[in-house]
Amino acid sequence: MAEYAAVLVFLLVGIGMVLFTFFLARLVRPANPYKEKNQNYECAEKPVGDSWIQFNNRFYIFALVFVVFDVEIVFLFPWAVAFGQLGLFALVEMVIFICILLVGLAYAWKKGVLKWV
Amino acid sequence: MSEIDKLQTEEFVLNMGPHHPSTHGVCRFVLKMEGEVIKDVEPVVGYLHRALEKICENRTYAQIIPVTDRFEYCTSMSCNMAFALAVEKLAAMEIPERAQYLRIIMLELNRIASHLIWFGTTALDLGAITPFLYGFREREFILDLFEMTCGQRLTYNYIRVGGVARDIPTQFVPKCREFLNIFDACVDDYERLLTENVIFVVRNKNVGVLPPEKAIAWGVSGPALRASGVKHDLRRDDPYCIYDRFDFEIPTCQNGDCYDRYIIRIKEMRESAKIVRQALDKLPEGETRAKVKMVFKPPAGEVYSRIENSRGEMGMYVISDGSTKPVRVKMRGGSYNQLQVIPEITRGHKIADLVAIMASMDVIMPEVDR
Amino acid sequence: MGIIKKLPVFLEKVPGGGIVTTSLDYIFSQSQASSLWYLLFGTACCAIELMATGASRYDFDRLGMIFRASPRQSDLIIAAGTITKKMAPRLRLLYDQMAEPRYVIAMGGCTVKGGPFYYDSYAVEKGIDHIVPVDVYIPGCPPRPESLLEGCLTLQKKVKRLKMQDWS
Amino acid sequence: MELAGIFKYFYELLVSTGLPQVWVDIIAMVAAAVIIFGFLAVCALFLVWWERKVSAHIQQRFGPMRTGWHGWRQTIADAIKLIQKEDITPMTADRAVFYWAPIMCFVAAFAVYVVMPFGDGLIVSDLNVGILYVVAITSFTIISLLMAGWGSNNKYALLGGMRSAAQVVSYEIPMVVTICSVVLFVGSLSMVDIVQSQAQIYQWYIFRLPFGPIAFIIYIITGTAETNRTPFDLPEAEQELVAGFNVEYSGMKFAMFFLAEFVNMFTVSAIGTTLFLGGWQGPFLPSWMWFLGKTLVLVFILMWFRWTYPRLRVDQLMEFSWKFLLPLSFANLILAGLMKYSGWFNW
Amino acid sequence: MDREQLIKYIQDKFPGKVTLLDCGRVEPFFKVELGFLKEFCQAIRDDTTLGMDYLCNIAGVDSGEHYEVVYSVASVKNKIRFDFKIFPERENPAIDSVIDVWPGANWYEREVWELYGINITGHPSLKRFLLPDDWNQGHPMRKNWDAPDFVRMPEN
């Protein structure tokens with residue numbers, strides 16, 4: 001577990017360093033906010049409506065497909081690591097597994113899910 | 001498929017412009033979007049409305065020529081030309097031979113320069129930055145030629161009523177030949193960068209298809225019209241100047257999509273170079289300007305004259321009442337109609353396609369707003 | 001903000017503090033001057049010359065100037081081209097939305113004083129200094145790339161003279 | 001001149017002070033983190049400068065020339081200027097999300113370097129899940145871009161953020177599958193093991209025909225997409241979305257996105273070096289030089305892409321990933337399995 | 001079809017409604033009766049001999065005494081071109097829209113409406129076009145128009 005401490009240290013040091021530069025900039029930079037300046041930029045026009053809207057659902061479907069595949073990949077990694085010891089059986093099994101996955105992909109493709117709008 | 005589409009997506013209104021990198025000036029599109037798909041476009045123009053026509057009403061004919069320069073600054077020569085042609089038609093003037101040939105050389109060089117700007121900005125709008133700089137590199141050669149002729153890089157005031165302002169300097173012809181010699185290789189270079197680039201092709205094929213009937217009905221002209229398969233070029237169909245003496249092709253394509261418009265313009269650059277070469281060969285000696293009185297008063301009358309500019313039909317409608325100033329000058333640019341038709345061909349496409357269509361139509365805002 | 005403005009006042013009292021102040025001034029103003037990112041903003045004819053200046057022969061990048069499309073990240077508006085009455089509020093808004101310190105170059109006759117559209121035009125703003133504060137004026141219709149580069153160098157000189165106390 | 005010895009010397013010096021082991025380790029790690037942070041800052045500044053010079057020379061220009069010799073101080077000046085820029089938060093923005101997005105973006109890019117094998121013995125911590133950790137931590141970048149897009153409450157930023165999320169999500173899978181095919185050969189997830197399994201030049205995975213070159217090309221394509229660079233730079237497509245997700249960011253926050261982009265580019269190249277080009281392995285020169293050299297070559301290739309290609313459209317981008325790269329990468333994985341099992345090129 | 005033939009053809013086709021004006025220098029200029037505009041446009045577009053399918057230009061004119069709207073039309077396939085004018089009334093000028101005939105007329109008509117104040121009946125969206133959204137100073141292309149900040153070119 002001790003090795004993983006490095007990850008924690010890196011995260012903390014990273015956040016710390018970035019915050020430190022922000023602090024440094026705070027000392028130096030001007031600050032003069034007013035209404036027009038803080039208005040959202042929309043090509044030099046006043047923004048029409050809010051941008052927090054119900055966004056295109058297609059996006060969430062992509063996310064779902066992604067999650068499906070990502071979970072499969074979690075299974076792939078241990079298989080790949082232990083492949084040397086497992087031999088032919090593992091290979092055939094994984095080919096079947098991947099084929100099932102690809103059938104899923106083909107289904108999604110046919111259903112038109114993979115069309116980004 | 002259908003189940004997904006039934007799920008609700010909120011429409012939102014997105015302003016694209018007036019300050020936007022790819023609206024070619026200061027045009028604004030009010031887009032009704034559904035996700036990335038454009039449901040409706042409304043162009044809002046007028047951000048560059050400078051009242052050129054009002055200004056023309058209070059200038060003498062000689063003073064109007066520099067005003068027309070600002071009407072369409074990418075091809076100022078043809079603006080000069082269109083106006084000079086209108087006034088010459090009014091006054092039924094004879095133009096010296098040498099001036100005619102010089103006009104052709106300048107117009108065609110200017111067409112190349114304008115197409116090079118289009119080439120650069122099109123590539124830029126599609127995300128390729130390097131072709132932009134290549135296009136501008138060759139454009140500088142042409143600008144050098146113009147500069148040695150009339151002292152300006154962009155607003156030339158060179159083609160005047162009755163001829164051209166002054167004769168070309170002696171180095172012009174050799175320099176121009178030098179440029180023409182390298183130019184074909186340069187166009188090959190551009191084509192290598194884009195024409196068969198897979199990404200460029202998929203971005204442009206079948207995007208913004210403009211069928212020929214629609215193009216004519218909406219008044220689209222120039223390369224955009226020819227890309228739809230209509231062989232219409234005023235240099236041939238309604239010859240002005242001495243275009244009927246030259247041998248050149250009018251390229252046409254069939255599909256009318258962005259890619260065809262690209263191909264047409266690339267071919268046109270080569271054709272223009274061909275015309276310049278012929279004109280240089282035939283260039284006669286002699287006067288460069290007809291005798292025009294200091295206080296120039298064309299007879300009363302009205303004329304609409306049109307020429308083929310790099311963006312399509314450029315028309316000048318001039319009313320003279322016999323005094324030193326015109327009653328009315330109306331300028332008509334090709335971009336006006338091409339911008340007008342953009343909503344028609346953009347619905348259902350994505351933002352990125354709008355950018356590509358805008359680039360391929362080669363819209364330039366001062367021609368619309370004046 | 002505020003602390004840095006008071007710093008010179010404080011440092012003056014310290015022996016040798018002047019050295020710190022001047023060298024800080026030097027570093028800050030030099031780096032600001034040599035990295036003026038300009039906003040991609042052009043309306044008319046001058047915009048073409050602005051593009052030509054950015055292109056290979058004249059090459060803005062030599063001076064460390066690159067374009068940014070968003071006003072939030074740019075330091076400089078080169079108002080290239082005619083500003084009409086319809087455009088004027090938009091230019092002001094763009095200027096407002098830039099992060100300070102920000103500079104304006106009025107490029108071309110139209111932005112300086114209306115240029116060829118001063119007379120007889122009902123739609124052109126007669127000089128953009130009615131709308132935004134201008135640092136450098138470049139006359140010409142349109143100015144040549146050389147004069148634009150000269151204008152930028154003039155602006156650089158102006159920025160290099162800035163001291164910490166002057167910061168807004 | 002191997003650098004590992006120097007670090008070892010300092011570590012032993014620290015041990016000899018008699019501090020408890022825990023403290024020694026923590027101090028060493030913090031020191032390593034600070035050193036790598038410094039390295040990355042310098043590296044990113046260098047890459048920005050380099051990119052500007054490369055682009056300039058591709059385009060027959062000179063690029064920065066006025067600040068120092070060939071403008072070497074240019075990006076330093078840019079950084080100091082960005083420190084002086086005002087920091088604007090739009091009034092309708094979600095302040096917390098808006099504030100933390102750049103931090104997260106940079107930290108995600110930075111934390112990868114825990115397992116980066118810079119040279120022989122130059123690795124902060126050789127985690128036994130190495131490459132999986134890299135894959136996991138780089139995914140945080142998407143969240144930060146999404147945060148930036150959402151937090152700005154700007155439509156362009158939102159479109160940019162959404163695009164970036166969809167894009168990275170799509171390209172993640174072929175990338176991971178490709179990495180998986182290398183892991184299959186190595187039989188370990190540790191970065192050091194991956195490097196050590198390619199000790200000789202003919203053992204580099206790029207040369208293991210036929211699977212190696214395909215895997216490498218898929219990796220480079222997906223890597224370009226993951227770092228949002230042309231032809232996949234849709235999230236910040238200047239000509240479409242003004243500046244995409246970072247349209248509202250100014251000053252130091254923008255600088256963080258900017259730096260993170262270049263750090264990510266370096267990361268992708270470094271991982272590519274480790275996986276396919278034998279990492280630090282190489283004759284004569286010290287290992288870290290080999291590592292840096294190979295990485296910079298890959299970085300150069302990414303830059304070359306950027307200044308040559310136009311940009312894809314968003315739906316074409318997605319289709320390319322799902323309909324072409326994904327099946328190809330799975331096929332390649334099976335191919336790799338067959339190769340490993342049958343023993344071709346498996347020396 | 002040359003100039004004389006064209007004049008004759010049009011005068012024969014629309015007797016009484018269309019008259020030839022003498023202002024045309026190159027191409028013929030016709031005057032079309034106020035109420036007859038739309039019908040005329042439809043007819044010249046659908047006529048096979050003419051086939052004026054292409055609208056080049058619409059220009060509003062204020063000659064000082066009266067308003068005019070000038071249409072320049074062309075035929076892409078027959079390669080002929082002519083212009084015709086219509087004279088709206090001085091008070092409350094109004095003309096018919098020709099969008100149904102040539103959709104490209106849309107913006108030209110908007111412009112005429114905005115700059116000359118000539119009302120276009122049947123136009124779907126007469127909104128502010130070239131002038132600022134908050135413009136309230138009338139129709140600037142009219143000859144007698146003036147505004148406080150409008151500077152005329154001084155006569156030398």
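The figures that follow rest on heavy atoms only: side chains count, while hydrogens, waters and symmetry mates do not. All values reported here derive from a predicted model rather than from experimental measurement.
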Evaluate side chain to side chain contact (heavy atoms under 4.5 Å, CB included) for A/Arg29 paired with D/Ile83, printing each intermediate quantity in order.
CA-CA 7 Å; A/Arg29 67 167 195 237; D/Ile83 288 181; over 6 Å; no
What do the steps show when you test D/Trp100 against A/Ile15 for side chain to side chain contact (heavy atoms under 4.5 Å, CB included), and what is the final call?
CA-CA 10 Å; D/Trp100 281 94; A/Ile15 293 171; 4.1 Å; yes
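If you take CD1 on D/Ile179 and CG on A/Leu76, they are separated by 12.5 Å, rounding to the nearest 0.5 Å. If you take CG on A/Asn40 and OH on D/Tyr156, they are separated by 12.5 Å, rounding to the nearest 0.5 Å. Between the CH2 atom of A/Trp109 and the CD atom of D/Glu319 there is a distance of 8.5 Å, given to the nearest 0.5 Å. The CE atom of A/Met17 sits 7.0 Å away from the CZ atom of D/Phe110 when rounded to the nearest 0.5 Å. Of the inter-residue distances, the one linking A/Ile98 atom CD1 with D/Ile334 atom CD1 reads 4.5 Å to the nearest 0.5 angstrom. Rounded to the nearest 0.5 Å, atoms OG (D/Ser170) and CZ (A/Phe66) are 8.5 Å apart.
Taking chain A as the reference chain and counting heavy-atom pairs below 4.5 Å, the highest number among D/Ile137, D/Leu189, D/Thr92, D/Leu184 is found for D/Leu184. Between chain A and the residues D/Met256, D/Gln316, D/Met104, the most heavy-atom pairs under 4.5 angstrom are made by D/Met256. Note: D/Val107 leads D/Leu132, D/Val182, D/Val107, D/Asp94 in heavy-atom pairs under 4.5 Å with chain A. When the candidates A/Val7, A/Leu101, A/Leu102, A/Val95 are compared by the number of heavy-atom contacts under 4.5 Å with chain D, A/Val7 comes out ahead. Between chain A and the residues D/Ile26, D/Val129, D/Val177, the largest count of heavy-atom pairs under 4.5 Å involves D/Val129. The choice from D/Pro327, D/Ala41, D/Pro90, D/Ser181 that makes the most heavy-atom pairs within less than 4.5 Å of chain A is D/Pro90.
For D/Ala111 against A/Leu11, the heavy-atom pair with the smallest separation is CB-CD2, 3.8 Å.
Residue contact with chain A, scored on non-hydrogen atoms closer than 4.5 Å, involves the side chain of D/Val247 exclusively. For D/Leu82, no part lies near chain A; criterion is any non-hydrogen pair under 4.5 Å. Proximity to chain A (any heavy atom under 4.5 Å) is shown, for D/Met91, by both the backbone and the side chain.
Residues of residues 33-40 of chain D placed with any heavy atom under 4.5 Å of a heavy atom in chain A are listed by number as D/Ala33, D/Val34, D/Ile36, D/Phe37.
In this structure, A/Asn38 contributes its side chain and D/Ile88 its backbone to no donor-acceptor pair below 3.5 Å. Formation of a donor-acceptor pair under 3.5 Å by the D/Asn154 side chain with backbone atoms of A/Tyr41 is found in this model. Side chain of D/Glu86 to main chain of A/Asn32: a donor-acceptor pair is present (N/O by atom type, distance under 3.5 Å, no hydrogens or angles).
The number of heavy atoms from other shown groups lying within 6.0 Å of CZ (A/Phe20) does not exceed 12.
Remark: D/Val192 engages D/Ile123, D/Asp126, D/Ser190, D/Gln196, D/Trp280 in a side-chain contact (heavy atoms from CB on, under 4.5 Å) (not counting sequence neighbours).
With contacts defined as side-chain heavy-atom distances shorter than 4.5 Å, the pair A/Phe22/D/Ile103 qualifies.
Aromatic ring centroids of A/Phe10 and D/Tyr113 lie 6.0 Å or more apart.
In this structure, D/Phe330 and A/Phe69 have tilted ring planes: the angle between them lies in the 30° to 60° band.
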